[in-house]
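Working notes, beginning with the structure itself.
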Number of protein chains: 2
Amino acid sequence: MRIGELAKQGDCDVETLRFYEREGLLDAPAREANGYRSYTEMHLVQLKFIRHCRSLGMGLPEVRSLRSFQASPELACGEIDQLVDGQIARIHQQIESLRLLEKQLHFLRDTCHASRKASECGILRTLAQAAEGEACSCHALPVAE
Amino acid sequence: MRIGELAKQGDCDVETLRFYEREGLLDAPAREANGYRSYTEMHLVQLKFIRHCRSLGMGLPEVRSLRSFQASPELACGEIDQLVDGQIARIHQQIESLRLLEKQLHFLRDTCHASRKASECGILRTLAQAAEGEACSCHALPVAE
DNA sequence: TAACGGCCTGTAGTTACTACAGGGTCAAGC
DNA sequence: GCTTGACCCTGTAGTAACTACAGGCCGTTA
């Protein structure tokens, strides 16, 4: 099958496929006489594997690792475990800092309404005060739930 | 003060300051006779404002907006409100998808231990099965809490 | 005079793609 | 025979927000 067909079946962009090939994630396919790439079912399986890993938030280096582990699965189980654990830890960390961020923004947002009567936006004032060196109230929020 | 001093007081990198200047976030300072940048206290306040906004997860375009709103605060309150609301919505969305991701990865991780006796890593097998076209169990998780 | 730290400009690298520019290939329609 | 259109090719530049040089100037100290 040609690249357009693989892109359709793998639900991704043609340019992305060429990118994966350049990055060594997708095996380089045979070429037709005219130079067009000629893919097999194996490439579709590879592609789906890559896209599935990506949809789980793994980066390309992680996907590369997993693909190389596939060559010798019985050896790699510990490393695979570790890789997934690392992902989980990273994402958990991201969630925590985003939750804090959300709380800080809510606080900032509330300062607007709190000082509306002053006909001056409390958000800007809070941000500007922080810049002036005063302790900002949004970042002084307790981290714990 | 020179760029190194501003960087120290603003707790960021010298290169970042030059970058902010290029991007029009930080006003271009006067120059000494030898071409060195010469900053004032105003620049430090500007920089702290920028860094504070950045630490709240705002992008440079948002910071640019806020800085321009500072020129006419009484006019801009509604827009500032909207900007912060947009940030909150975006971050909330991010948190939700990361929480789902975390759950999927936990599930994947558990498949490893579930099939350890088979001396074949369940993670790899689950990922590979998904690539083969089988319904993957990790993505079939219920989205709701 | 040489070494050192700081400063300058300008460019390239990071992630995972995306979006062209400029050109070749092939089948269908006039 | 010619054109149109969809598809393919390579190679390069863009995205966000910096970071990291290369190559060179300025000013002080040993």
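Chain identifiers are assigned alphabetically (A, B, ...) following the order of the sequence lines, protein sequences preceding nucleic acid strands; residue numbering begins at 1 within each chain.
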Out of D:dC18, D:dT19, D:dA17, which nucleotide sits closest to the side chain of B:Pro61?
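Nucleotide nearest to B:Pro61's side chain: D:dA17.
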
Tell me, with the steps shown, if B:His43 and B:Thr40 meet side chain to side chain donor-acceptor pair (under 3.5 Å).
CA-CA 5 Å; B:His43 290 100; B:Thr40 65; 3.1 Å; yes

Do A:Gln93 and A:Arg90 have a side chain donor and acceptor closer than 3.5 Å?
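No, no side-chain donor-acceptor contact under 3.5 Å.
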
Can you tell me the distance, in whole Å, between the [atom1] atom of [X] and the [atom2] atom of [N]?
{"X": "B:Glu15", "N": "D:dT19", "atom1": "CD", "atom2": "P", "answer": "9 Å"}
{"X": "B:Leu17", "N": "D:dA17", "atom1": "CG", "atom2": "C1'", "answer": "14 Å"}
{"X": "B:Glu23", "N": "D:dT19", "atom1": "CD", "atom2": "P", "answer": "13 Å"}
{"X": "A:Arg22", "N": "D:dA13", "atom1": "CZ", "atom2": "P", "answer": "13 Å"}
{"X": "B:Tyr36", "N": "D:dG27", "atom1": "OH", "atom2": "P", "answer": "6 Å"}

Should A:Leu105 and B:Ile95 be counted in the same cluster of Ile, Leu, Val, Met, Phe, Trp and Tyr side chains packed under 4.5 Å apart?
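Looking at the clustering, B:Ile95 is in the same group as A:Leu105.
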
Check for me, please, whether A:Tyr39 and A:Phe19 land in the same ILVMFWY cluster - side-chain distances under 4.5 Å, paths through other members count.
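Both belong to a single hydrophobic cluster.
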
How long is the straight-line distance from OG1 of B:Thr16 back to CG of B:Leu6, given to the nearest 0.5 Å?
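It comes to 11.0 Å.
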
When rounded to the nearest 0.5 angstrom, what is the spacing between CG in A:Leu83 and CZ in B:Arg109?
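If we round to the nearest 0.5 Å, A:Leu83:CG and B:Arg109:CZ are 11.0 Å apart.
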
Contact boundaries of DNA chain C with chain A (under 4.0 Å, heavy atoms), 5' to 3'?
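Answer, 5' to 3': C:dA16 to C:dC26.
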
Looking only at heavy atoms, what is the nearest atom pair of B:Ile91 and A:Leu101, with distance?
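Smallest heavy-atom distance, with atoms named: CD1-CD2, 3.5 Å.
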
Can you sort out which residues in residues 1-8 of chain B have a heavy atom within less than 4.0 Å of DNA chain D? Ascending by number, please.
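The stretch gives none, as no residue of it lies under 4.0 Å from the strand.
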
Output yes when a side-chain donor or acceptor of B:Gln94 lies under 3.5 Å from a complementary backbone atom of A:Leu98, and no otherwise.
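The answer is no, because no donor-acceptor pair under 3.5 Å joins these two groups.
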
Is there a donor-acceptor pair under 3.5 Å between the side chain of A:Arg54 and the backbone N or O of A:Met58?
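Looks like yes, one N/O pair under 3.5 Å.
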
Would you please confirm or rule out a distance under 4.0 Å between OP1 or OP2 of D:dC9 and any side-chain N or O of A:Arg37?
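A:Arg37 to D:dC9 OP1/OP2: side-chain N or O found under 4.0 Å.
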
Do the side-chain N or O atoms of B:Arg64 get closer than 4.0 angstrom to the phosphate oxygens (OP1, OP2) of D:dA16?
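Checking B:Arg64 against D:dA16: no side-chain N or O falls below 4.0 Å of OP1 or OP2.
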
Of A:Arg18 and B:Leu60, the one whose closest DNA chain D nucleotide lies more 5':
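Going by which nucleotide is closer to the 5' end, it is A:Arg18.
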
Return whichever of A:Glu32 or A:Phe19 has its heavy-atom-nearest nucleotide of DNA chain C closer to the 5' end.
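Going by which nucleotide is closer to the 5' end, it is A:Phe19.
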
